[in-house]
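Because the structure is predicted, anything quoted here is derived from the model rather than measured. Both ligands and their constituent atoms are indexed starting at 1 by order of listing.
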Amino acid sequence: MGATIHIVGGGAIGSLLAAGAQRHGVSHCRYPRDVNAAPVKATWIDGSEFNLSPPNKTPNILNKDDVLVLPLKVYQLHDALQAWQPFLKRRATVVLLHNGMGGYEIARNVLPEDYPLLLATTSHGAIKYYDSVGISTVRYTGRGITKVGSPTNAITNAKQLKEAVALLERVLPPVEYQQDIWQALWLKLAVNAVINPITALYDIQNKQIAQPQFDELREAICHEFTLVANVSGQNFCSAHIQQEVLKVAKATGENYSSMHQDVVHGRTTEIEAINGYIVQMAKKKGIHVPVNTLLVERIKALSS
Ligand code: PAF
């Protein structure tokens with residue numbers, strides 16, 4: 001039997017991965033926190049619908065060629081990795097897939113230093129909703145790309161990691177291996193640092209952040225982001241970052257960002273891992289980032 005992809009959590013992206021695995025005949029297990037609320041049906045990007053295989057409850061020890069994907073929020077990662085550790089004795093590849101930064105540091109605290117680990121970011125769109133007869137459904141709303149890479153590029157686990165990337169590609173293509181995954185993650189951080197708090201604070205769709213009333217705010221967030229990213233080893237230009245942010249806002253225009261949805265539903269937001277990360281890094285480097293600092297405070301005030 002081939003490798004199995006194990007998907008933790010029942011969020012939109014995790015459920016999309018499970019649906020992709022099923023559609024492409026890849027052996028898979030999914031472990032939503034609440035099995036009763038997990039999607040039971042998928043609507044694919046071409047409009048076709050299919051029922052999802054039932055969720056799994058207790059995992060067995062994963063094989064070395066298996067892949068464990070954690071499409072969770074950063075603040076859920078520590079507990080999830082701790083809980084999964086006993087099942088990782090054979091060193092199955094672990095893939096972190098979340099908005100914001102800080103997951104790598106968490107994984108490094110829980111897993112051994114040379115553990116086979118991949119970091120990933122995706123621009124595929126998916127939403128979870130209840131259909132007209134109340135069935136929990138995941139809908140694949142936008143074809144994107146998943147970028148994945150090794151945080152250290154160490155050659156120790158190179159073959160295993162390559163096979164894990166190939167498995168991810170079979171599940172939900174396209175998947176692009178990045179020599180420098182950090183650059184992709186920083187860029188995604190910029191996108192989230194602008195779109196997520198603005199959409200949440202002003203109760204708007206992603207495309208509306210391009211309105212002239214937000215010009216100054218967008219520019220200021222990107223300027224502070226670029227200062228922090230560049231002293232942290234990146235080489236970005238603030239104007240280019242702004243263009244990238246606007247491109248994503250347009251491509252996902254009709255969506256409400258994840259932070260908007262978290263605020264609306266009274267859930268904990270990812271502000272600490274997004275703008276909060278910029279503030280934290282700025283502090284370490286002695287850089288003044290008043291705009292990102294204020295955004296963190298305003299979102300926290302909204303969501304508490
Ligand atoms: O967090 C989100 O909602 C997404 O990462 C993004 C790119 C902002 C699109 O909605």
* Between Thr252 and Asn206: side-chain donor-acceptor atoms closer than 3.5 Å -> yes
* Would you please say whether a donor-acceptor pair under 3.5 Å links the side chains of Thr199 and Gln205? => no
* To do: Output yes when Asp46 and Arg143 qualify as a salt bridge under the 4.0 Å nitrogen-oxygen rule, no when they do not.
  => no
* So which heavy atom in the protein is nearest atom 5 (O) of ligand 1, and how far is it from that ligand atom? -> Asn192 ND2, 3.0 Å
Atom indices of ligand 1, in the order listed, that fall short of 4.0 Å to a heavy atom of [X]:
X	answer
Ser257	3 (O), 10 (O)
Asn206	9 (C), 10 (O)
Ser258	1 (O), 2 (C), 3 (O)

* Using distance alone, determine whether Asn196 and ligand 1 share an N or O pair under 3.5 Å. => yes
* Could you tell me whether some N/O pair between Tyr256 and ligand 1 is separated by less than 3.5 angstrom? => no
* Search all heavy atoms of Ser136 against all heavy atoms of Ala37 and return the closest pair with its distance. => OG-O, 3.2 Å
* Partner set under side chain to side chain contact (heavy atoms under 4.5 Å, CB included) for Thr122, not counting sequence neighbours -> Ile13, Leu97, His124, Thr146
* To do: State if Lys188 counts as touching ligand 1 under the rule of any non-hydrogen atom under 4.0 Å.
  => yes
* Asked: Relative to the ring of Tyr31, is the ring of His6 parallel (under 30°), tilted (30 to 60°) or perpendicular (over 60°)?
  -> parallel
